[in-house]
Amino acid sequence: MSASKTPLLNRLHGAQGLSPSQRQIADCLIAHMNEAALWGVEELAAKSQTCVATVVRFAKKLEYSGYLEMRKALVSVAKKHYGRGEQLLQAPRQASATLLEVARRDVRNIETLVQAVNEDLLQRVVKQLKGSRIRVAIGDGVSALMARQLAYLLINTGLPVVEGNPADFATQVGMLDGRDLLIAISINPYTQETLDAAAYARKRGIPVLVFTDSLNSPLAKSATLALPIPGENLLFSHSVTAFGVLAHAIATSIASQAPQKALSKLREVERVAQRKFAKT
């Protein structure tokens, strides 16, 4: 069996040459296998009385690309334990405490995003978006919500975006050429239609701007440019908070390069839509 397919428990029990600190992490995970799926890297370091760097090295020792990939394996184990019909939500009992915990995790997601997206990458994304003739944004499930948010923000800057339909991604991508841009969004578990559409676009020489949860994801392989969207939360889902920050940053960067043009577009949209707004 290849390392990539070896179950997490097998890796934990079969790991050789662990340092004392790494053994503490292994023992901690074995003792708290299901709840560990909800821990961030800092929590695991604290629970095992080690440090973040040791946790990361431990994940690589088990032949994962890093902590995030190992955490996905933990989530998979927890899902099997609790059953697919139930959600694993170990939040505080008090609503206010839950709010604080959710906010804390999203703050950490945003911090991770800021560290991963540098000035050069952001400027290249802005340039690609501005220089494209047609922009098509595709995604399914929560990724479709992200695609819609990004499209809305870009339209407000004066850059039209077409939202793709999951039932017809292939046809929509087939109408594009090298002057256009496919914006593809997908997170684990990845939607096959999105992966196929992105791969098809790259094969035809169409630039692909990817938003995904890991730069090692299947979707990232088809990217001309790839942006990470951290989304750790208390559910078996993906928080959209960090993506919202990233989308707003991209749109604001575009608008700031031609502020008068952006304001003119917004005023024009307001005039057209004025009739549907309630009078206050």
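Nothing fancy with the numbering, it's 1 onward along the sequence.
- L176 and L154 fall into different hydrophobic clusters, where Ile, Leu, Val, Met, Phe, Trp and Tyr side chains are chained together by heavy-atom contacts under 4.5 Å.
- What you find for I110 and V245 is that their closest heavy atoms are CD1-CG2, 3.8 Å.
- Enclosure of atom CD in Q49 is not indicated, since only 12 or fewer non-hydrogen atoms of other residues, nucleotides or ligands lie within 6.0 angstrom.
- Scanning both residues, G139 and A144, for their nearest heavy atoms gives O-CB, 3.3 Å.
- Between L182 and L209, every side-chain heavy-atom pair lies at or beyond the 4.5 Å cut-off.
- Of all the heavy atoms in L215 and L227, the pair that sits closest is CD2-C, 4.2 Å.
- With R204 contributing its side chain and V173 its backbone, the two residues share a donor-acceptor pair below 3.5 Å.
- Residues Y190 and D140 bring no donor and acceptor atom of their side chains to less than 3.5 Å of each other.
- When the side chains of ILVMFWY residues are joined at heavy-atom separations under 4.5 Å, either directly or via intervening members, L159 and F243 end up in a single hydrophobic cluster.
- Taking both residues in full, the closest heavy atoms of S239 and N233 are given as N-ND2, 3.4 Å, listed atom of the first, atom of the second, then distance.
- For the pair T241 (side chain) and D106 (backbone), a donor-acceptor distance under 3.5 Å is absent.
- Between V240 and L145 there is no side-chain heavy-atom pair separated by less than 4.5 Å.
- The backbone N or O of D177 sits less than 3.5 Å from a side-chain atom of D180, completing a donor-acceptor pair.
- Of the possible polar contacts, one joining the N109 side chain to the E232 backbone as a donor-acceptor pair under 3.5 Å is found.
- For S132, the side-chain contact (heavy atoms from CB on, under 4.5 Å) test picks out Q128, R135, L181, with sequence neighbours left out.
- With T54 contributing its side chain and T50 its backbone, the two residues share no donor-acceptor pair below 3.5 Å.
- The closest side-chain heavy-atom distance from D196 to F169 is not below 4.5 Å.
- Under the 3.5 Å distance criterion, the side-chain polar atoms of S217 are matched with a main-chain donor or acceptor of A220.
- Panel note: side chain T224, backbone V208; a donor-acceptor pair is recorded below 3.5 Å.
- T212 places no side-chain N or O within donor-acceptor distance of the main-chain N or O of L219, the cut-off being under 3.5 Å.
- Between V161 and Y152 the shortest side-chain heavy-atom distance does not fall below 4.5 Å.
- With E163 contributing its side chain and V136 its backbone, the two residues share no donor-acceptor pair below 3.5 Å.
- Side chain of S256 to backbone of S253: a donor-acceptor contact under 3.5 angstrom is found.
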- Item | Worked check of side-chain hydrogen bond (donor to acceptor under 3.5 Å, both in side chains) between E119 and Q123 | CA-CA 6 Å; E119 176 69 17; Q123 289 298 337; 2.9 Å; yes
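- A salt bridge does not link E63 to R11: none of the charged side-chain nitrogens sits closer than 4.0 Å to a carboxylate oxygen.
- A pairwise comparison of heavy atoms in A147 and A137 identifies CB-CB, 4.1 Å as the closest pair.
- Side-chain contact between L225 and V210 is absent, with no heavy-atom pair separated by less than 4.5 Å.
- R124 CZ: more than 12 foreign heavy atoms inside a 6.0 Å radius.
- Residues S143 and I187 form a side-chain contact, since some pair of their non-hydrogen atoms from C-beta on lies under 4.5 Å apart.
- Closest of all the heavy-atom pairs between L18 and A26 is CD1-CB, 4.2 Å.
- In this structure, E43 does not pair ionically with K47, as no charged nitrogen and carboxylate oxygen lie closer than 4.0 Å.
- Annotation: side chain of T157 is not in contact with side chain of L153 (no heavy-atom distance under 4.5 Å).
- A salt bridge does not link K72 with E69: none of the charged nitrogens is closer than 4.0 Å to a carboxylate oxygen.
- By the criterion of side-chain heavy atoms lying less than 4.5 angstrom apart, applied directly or through intervening Ile, Leu, Val, Met, Phe, Trp or Tyr residues, I138 is grouped together with I134 in one hydrophobic cluster.
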